[in-house]
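In what follows, a single structure is set out as structure tokens and then discussed.
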Amino acid sequence: QVQLVESGGGLVQAGGSLRLSCAASGRTISGLVMGWFRQAPGKDREFVAAISWSGGNTYYADSVKGRFTISRDNAKNTVYLQMNSLKPEDTAVYYCAADTGLYVVTDGYAYDYWGRGTQVTVSS
């Protein structure tokens, strides 16, 4: 079992930055694919970013590419999402997720463990 706890969300003006953290417990994340997803009010959950277990491969949704960066520190059992140049349309609850599979996938149904989320609100 893996427990995931997100932090770092908040209210920020458009153009600003936030850094989300996802702290894991229960087991090491070193062998897990890690991802970030988000869900805005009235919308479906969507993929944001994912990172391979080694950190060597990263994947991003087109909507965040060039603005967001996913990273991981396996020694600290933590995954990060650096969000720059934030836009009002980035407003959502952001969720951290872990996948025990071998390959990075963008489908949330493939992920085995989820955090409770952290709210990000971007004002215009």
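If you read the sequence from its start, that first residue is 1, and numbering goes on from there.
Taking CG of L4 as the reference point, atom OG of S21 lies at 12.5 Å (rounded to 0.5 Å). Taking OH from Y95 and CD from E46, the interatomic distance works out to 12.5 Å, rounded to the nearest 0.5 Å. Once rounded to the nearest 0.5 Å, the distance linking CD of E6 with CH2 of W36 reads 5.5 Å. Taken from SG in C22 to OH in Y80, the straight-line distance is 10.0 Å, to the nearest 0.5 Å.
No donor-acceptor pair under 3.5 Å is formed between the side chain of T91 and the backbone N or O of T121. Of the possible polar contacts, one joining the T78 side chain to the K76 backbone as a donor-acceptor pair under 3.5 Å is found.
In this structure, N74 and R72 approach most closely via the heavy-atom pair OD1-NE, 2.8 Å. Contact detail for A24 and V2: the closest heavy-atom pair is CB-CG1, 4.2 Å. In terms of heavy atoms, Y111 sits closest to A97 at CD2-CB, 3.6 Å. In this structure, A110 and V105 approach most closely via the heavy-atom pair CB-CG2, 3.4 Å. Nearest approach of G56 to S52, heavy atoms of both residues: N-OG, 3.3 Å. Closest approach of A98 to L32, counting heavy atoms only: CB-CD1, 4.0 Å.
Under the 4.5 Å side-chain heavy-atom criterion for grouping Ile, Leu, Val, Met, Phe, Trp and Tyr, Y94 is connected to I29 within one hydrophobic cluster. Connection of V33 to V64 is not established within any shared hydrophobic cluster, with ILVMFWY side chains joined at heavy-atom distances below 4.5 Å, either directly or through further cluster members.
Contact of the D90 side chain with the R38 side chain is registered, since non-hydrogen atoms from C-beta on lie closer than 4.5 Å. The side-chain heavy atoms of W53 and L102, taken from C-beta on, include no pair separated by under 4.5 Å. Contact check for V104 versus I51: no side-chain heavy atoms found under the 4.5 Å cut-off. A heavy-atom distance below 4.5 Å is found between the side chains of Y113 and Q1.
The only option from L20, V93, L11 that meets the side chain to side chain contact (heavy atoms under 4.5 Å, CB included) definition with V120 turns out to be L20.
R116 meets the salt bridge (charged side-chain N to carboxylate O under 4.0 Å, His left out) test with no other residue; sequence neighbours excluded. The ring pair (Phe, Tyr, Trp, His ring centres under 6.0 Å) check on Y59 picks up nothing, with sequence neighbours excluded. By the salt bridge (charged side-chain N to carboxylate O under 4.0 Å, His left out) test, D99 pairs with no residue at all, sequence neighbours left out. For D107, there are no salt bridge (charged side-chain N to carboxylate O under 4.0 Å, His left out) partners two or more places apart in sequence or in a different chain. By the side-chain hydrogen bond (donor to acceptor under 3.5 Å, both in side chains) test, T100 pairs with D112, sequence neighbours left out.
By the 6.0 Å contact criterion, NZ on K43 is open, its count of non-hydrogen atoms from other residues, nucleotides or ligands being 12 or less.
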Could you go step by step and tell me if F68 and V48 meet the side-chain contact (heavy atoms from CB on, under 4.5 Å) rule?
CA-CA 9 Å; F68 290 11; V48 175; 3.7 Å; yes

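Close placement of the F47 and F37 rings is indicated, their centers lying within 6.0 Å of each other.
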Validation: residues 81-89 side-chain donor-acceptor distances under 3.5 Å, sequence neighbours left out:
{"from": "Q82", "atom 1": "NE2", "to": "N84", "atom 2": "OD1", "distance (Å)": "2.9"}
{"from": "N84", "atom 1": "OD1", "to": "S17", "atom 2": "OG", "distance (Å)": "2.9"}

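A cation-pi arrangement is absent between R67 and Y60, since the terminal nitrogen or guanidinium carbon is not both under 6.0 Å from the aromatic centre and inside a 45° cone about the axis.
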